[in-house]
Structure formats: C-alpha cells, structure tokens
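In each ligand, atom 1 is the first atom listed, and ligand 1 is the first ligand listed. Quantities reported herein were computed from a predicted structural model and do not represent experimental measurements. Just so it is clear, the values below take in all heavy atoms, side chains as well, and ignore hydrogens, waters and symmetry mates.
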Amino acid sequence: MPTVLGQNQYGKAETRVVRVTRDGPVHHIRDLSVSIALSGTMDEVHLSGSNARVLPTDTTKNTVFAFAKEYGVASPEEFAARLARHFVTGQESIRTARVRVEEYAWDRIPTPGPAGHSFVRRGRETRTAQVTFDGAGGRWQVLSGLKGLTVMNTTDSEFHGYVKDRYTTLPETRDRILATEVNACWRHAWDGGDGEGGGGDGVGDGAAPPDWDGSWERTRGHLLAAFAETYSLSLQQTLYAMGSRAVEHGPGIDEIRLSLPNKHHFLADLKPFGLGNDNEVYYAADRPYGLIEATVLRDGAEAAVPQELTNLP
Ligand SMILES: O=c1[nH]c(=O)c2[nH]c(=O)[nH]c2[nH]1
C-alpha cells in the first residue's frame with residue numbers, strides 16, 4: 001500500500017532554563033520551560049534518512065541556553081519570538097518555527113534585610129492535617145504539615161569537602177542555586193485538653209487547643225525564613241536549620257519531619273559558543289534528585305511522626 005508523509009515537525013521539548021540576573025545583592029529570576037517545533041522541507045529525513053536538512057534538536061536546546069545568556073529573558077513572548085526568528089531566518093530548510101514557553105512564577109521571600117536572593121514558587125503548595133484519637137488510651141495525635149512548597153536561593157549555597165571515591169565526578173562549588181520542595185509534617189504537644197480542667201467531660205485536662213490556623217501560618221513562616229536566612233553548606237544543614245527554627249519558635253510543637261528533594265540546577269556549559277556563564281544560566285533538572293530527609297525533635301521528645309507521611313519515593 002503506498003503511503004505519503006503528512007504534516008511533520010520536530011524539535012526539543014521542555015528545555016528547562018533558569019536565568020538569574022544579579023543586580024548587586026538583589027537577584028531576579030525567570031524560570032521557563034521552552035518547547036520548539038520546527039517544520040519545513042524535511043521530507044527527506046523521513047523518506048530516505050538523509051539528515052542534510054536537519055538542524056539537531058540538541059542544537060535547538062543549546063540555542064535556548066545561549067540566547068538566555070546573550071539576550072536575557074525580558075518576557076516569554078520576546079524570548080520565544082527571538083528564537084523563532086533565529087531558526088526560520090537561519091536555516092533554509094526551516095519554514096515555520098513554533099516556540100511554546102511556560103513560565104513558572106516566583107515571589108520573593110521576605111527577609112529582615114533588603115529582599116535579595118530567596119524565592120518561593122507561586123501557587124503550588126498544599127496544607128495537610130492528620131488527627132488520630134485513641135479512645136481507649138485517651139490519646140490524641142495532631143499532625144500538621146504542608147507539601148509542595150517550592151523555594152530557591154540563587155546564592156549563599158556551597159557544596160564541597162565531601163567524600164570522593166572512584167565514581168565521584170561532581171565538581172565542588174562555592175556558589176550554587178539551592179532549590180527544594182518543602183514537604184513537612186509537625187506534631188503538636190496538645191493532649192486533647194480544652195483549657196477548662198478535668199471533670200470527666202471526655203477531653204484532656206491540659207491546655208486549650210492552639211489556634212491551628214495561626215500556628216500553621218507561623219510554622220510555614222519559620223520554615224521559609226530559615227531557608228532564606230541560612231548560609232548553606234549543604235541541604236542537610238539547611239534542613240536542620242528549618243526544623244529547629246520551627247520547633248524553637250513553636251512552643252506547642254514537639255517534632256517536625258522534613259523531606260527535601262534537592263532540585264538540582266546545573267550551570268549551562270556555554271563555552272563551546274564562546275560565552276561565559278557567571279552563574280547566570282542554569283539547566284533545571286527534574287530527575288534524578290537528591291532526597292534529604294530528617295526529623296528534628298524538641299530535646300526529650302519521642303519521635304512519632306511516621307516517615308511515610310512525608311516520604312517521596
Ligand atoms: O546539599 C547537598 N547535599 C548532598 O548530600 C549532596 N550530594 C550531592 O551530590 N549534592 C548534594 N548537595
């Protein structure tokens with residue numbers, strides 16, 4: 001049965017590029033996913049396998065990183081238009097270029113000094129709660145938490161001095177992006193009391209329940225503040241600073257468990273194009289990711305937050 005080639009296009013989808021612009025201590029970020037689809041006189045590659053008219057998809061990805069460095073990202077539209085024009089005017093075989101951009105929005109994390117290099121991704125987080133009442137023992141367990149709170153520091157993060165064996169290739173760094181998605185679960189000390197003493201009313205005799213909403217907001221604030229204000233030598237160190245700040249500033253909180261995926265941002269290698277990269281253009285890799293997890297306890301408290309509650313795979 002004879003066949004003919006119909007509509008066809010090709011290109012690199014979902015190139016994840018983060019462009020950091022440093023205005024002294026105040027940094028600006030644009031975080032994009034760029035998908036390029038090129039079409040034109042491309043019949044031969046499908047019909048005979050000749051690549052003579054094919055600009056590699058790898059090249060289109062490199063162009064995204066190089067343009068981010070050379071021209072910055074003024075807006076998704078401007079960036080996409082520049083790329084589309086480049087491919088159509090640069091290669092005879094390319095007649096149409098469709099460039100799709102998704103931009104992820106970040107807000108600044110407020111810090112005591114001037115807002116500088118700490119960001120929280122907009123609109124991604126979920127608040128969680130789990131309450132267990134063991135009627136026979138009269139015991140309550142209240143766990144509050146959040147997941148998907150994505151944060152980034154564009155500086156004040158180093159990673160070096162680690163163990164090296166024959167398989168270690170990671171370069172040491174004195175200035176990297178530190179980004180993670182905070183998944184946290186904390187346990188309240190509340191014993192079921194209503195603050196009105198005993199009297200066989202079926203509730204604990206202790207202190208009244210906390211203002212749950214207020215407590216949650218404050219804890220979230222402490223996690224964000226500790227992330228933003230910690231000069232980090234590892235994500236493990238940042239985790240401990242976040243957990244201990246939440247417990248120290250949360251009198252009703254005895255324990256917090258944190259599960260922090262290290263959302264790696266690798267410096268794009270622009271040397272082949274004669275371009276430098278002074279911590280300006282990053283490739284945001286989504287997997288694999290480092291996964292750093294730990295519980296931080298008030299001294300003397302027993303660990304009771306189940307690991308599964310915060311665990312990523
Ligand atoms: O903060 C980090 N902790 C690690 O344990 C680790 N391992 C790694 O490869 N990069 C990092 N970063």
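- Ring pair Phe67/Tyr71 is perpendicular by interplanar angle, where above 60° counts as perpendicular and below 30° as parallel.
- For atom 6 (C) of ligand 1, the nearest protein heavy atom (residue, atom name, distance) is Phe159 CZ, 3.2 Å.
- The shortest side-chain heavy-atom distance between Asn279 and Leu267 falls under the 4.5 Å cut-off.
- Below 4.0 Å from some heavy atom of Gln236 lie the following atoms of ligand 1, by number and element: 1 (O), 2 (C), 3 (N), 4 (C), 5 (O).
- Around atom 12 (N) of ligand 1, the closest heavy atom drawn from His160, Arg176, Glu158 belongs to Arg176.
- The environment of Tyr240 atom OH is sparse: at most 12 non-hydrogen atoms of other residues, nucleotides or ligands sit within 6.0 angstrom.
- Considering only non-hydrogen protein atoms, atom 9 (O) of ligand 1 sits nearest to Leu170 CD2, 3.6 Å.
- When heavy-atom distances to ligand 1 are checked against a 4.0 Å cut-off, Asn262 comes that close only through its side chain, counted from C-beta outward.
- Using bins of under 30°, 30° to 60° and over 60° for the plane-to-plane angle, the ring pair Phe133/Trp140 lands in the parallel bin.
- With sequence neighbours excluded, no residue forms a salt bridge (charged side-chain N to carboxylate O under 4.0 Å, His left out) with Arg121.
- Among the atoms of His264, none of the N or O lies under 3.5 angstrom from an N or O of ligand 1.
- Looking at ligand 1, you'll find an N or O of Leu235 within less than 3.5 Å of one of its N or O atoms.
- Side chains of Arg30 and Pro76 form a contact here, defined as non-hydrogen atoms less than 4.5 Å apart.
- The atoms of ligand 1 that sit less than 4.0 Å from any heavy atom of Ser234 are 1 (O).
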